[in-house]
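Below, read A as the first sequence line, B as the second, and so on, with proteins coming before strands; counting in each chain starts at 1.
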Number of protein chains: 2
Amino acid sequence: MATEGSLTTSMFHILMSLADRPRHGYGILREIEGRTDGEVRMGTGTLYSAIRRLLNKGVIRESSSRPDTDDDERRVYYELTDEGLAAARGEARRLGLLVAQARSKQLLPRG
Amino acid sequence: MATEGSLTTSMFHILMSLADRPRHGYGILREIEGRTDGEVRMGTGTLYSAIRRLLNKGVIRESSSRPDTDDDERRVYYELTDEGLAAARGEARRLGLLVAQARSKQLLPRG
DNA sequence: CCAAACTATATCACGACGCGATCTATCGCA
DNA sequence: TGCGATAGATCGCGTCGTGATATAGTTTGG
């Protein structure tokens, strides 16, 4: 839709994963699965193509920080840019409004 | 993503419009714009192609009920099916969880 | 000790979807 | 009469999600 700066659900999930700390691709996958109790399972095709697009948009970047223990040299770490944090907050705000509207339309309990 | 029965944001907006009463295409457009304070403006390309897909999915159907006043014979009215109401509630619930997660990641005020 | 499962990244092709542009036609109003 | 709003519809382009497939190192259970 013509909603400035809005993100797809996949992209928002990825930004949410990176909101608290840098993570690598596969780690993002597991964080999403864990956070959503296994309800959301992103495939690697979705993940890596979304990462490429997010890099191009400038909302994430490769991170040089790596864990001092349990590292794996194959990993590529990513982190939010300032624009990425702002984009994530904007999308969270939009979704919050959407949920409030759903509640007022009796689509949720305590509406 | 591999999230059973999930809807795109456009589709969810349309189902929300139909949650309280049947509406016609152009009416859905204006309801969305009004409900979101003009932040979301869906084009007719998005609208009518989404309506076709929602009809095919069986979540909306053409409605025979028409307003007794201020009608316009050009209009085509739509309403939610039982499956459509369930789908809208499911999506609202998923989005609510997503917003709660965003809040716990400090992406929203009062998090 | 070896196979299977897991970790990790990456690409491809297909289909679904968003979206602006464009078209046709009617309606309400000045 | 003429113009803007209402109303529905389609087209093509570009974006995106997705499963399949490939490659390869690591861990773990039997």
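Checked by atom type and distance alone, the side chain of A/Thr8 pairs as donor or acceptor with a backbone atom of A/Met11 at under 3.5 Å. In this structure a side-chain-to-backbone donor-acceptor pair under 3.5 Å is present from B/Gln101 to A/Arg35. At distances below 3.5 Å, not a single donor-acceptor pair connects side-chain atoms of B/Ser63 with backbone N or O atoms of B/Glu79. Judged purely by atom type and a 3.5 angstrom limit, B/Glu91 uses its side chain to pair as donor or acceptor with the backbone of B/Leu7.
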Exercise. Could you give me the CA-CA distance, side-chain angles and deciding distance for A/Arg93 and B/Glu39, then say whether salt bridge (charged side-chain N to carboxylate O under 4.0 Å, His left out) is met?
Key: CA-CA 12 Å; A/Arg93 177 193 142 273; B/Glu39 279 194 45; 2.8 Å; yes
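Between the CG atom of B/Asp70 and the P atom of D/dA5 there is a distance of 19 Å, given to the nearest Å. Rounded to whole Å, atom P of C/dT7 lies 18 Å from atom CD of A/Glu73. A straight line from CE of B/Met42 to P of C/dG20 spans 11 Å, rounded to a whole angstrom. Separating the CG atom of B/Asp71 from the P atom of C/dT26 is a distance of 16 Å, rounded to the nearest angstrom. Whole-Å rounding puts the A/Ile51 CD1 to D/dG17 C1' distance at 14 Å.
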Check the interface with nucleotides 8-15 of chain D: list each N/O to N/O pair with the protein under 3.5 Å, or write none.
unit_1, atom_1, unit_2, atom_2, d
D/dG8, OP1, B/Val76, N, 2.5
D/dG8, OP2, B/Gly25, N, 3.2
D/dG8, OP2, B/Tyr26, N, 2.8
D/dG8, OP2, B/Tyr48, OH, 3.3
D/dA9, N6, B/Thr44, OG1, 2.6

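Mapping A/Asp72 and A/Arg41 onto DNA chain D by nearest heavy atom places A/Arg41 at the nucleotide closer to the 5' end. A residue-by-residue look at A/Ser6 and A/Arg30 shows that A/Arg30 has its nearest nucleotide of DNA chain C further toward the 5' end.
Between A/Ser10 and D/dG17, a side-chain N or O to OP1/OP2 separation shorter than 4.0 Å is present.
Remark: B/Asp20 pairs with A/Lys105, B/Arg23 by the side chain to side chain contact (heavy atoms under 4.5 Å, CB included) rule, at least two apart or across chains.
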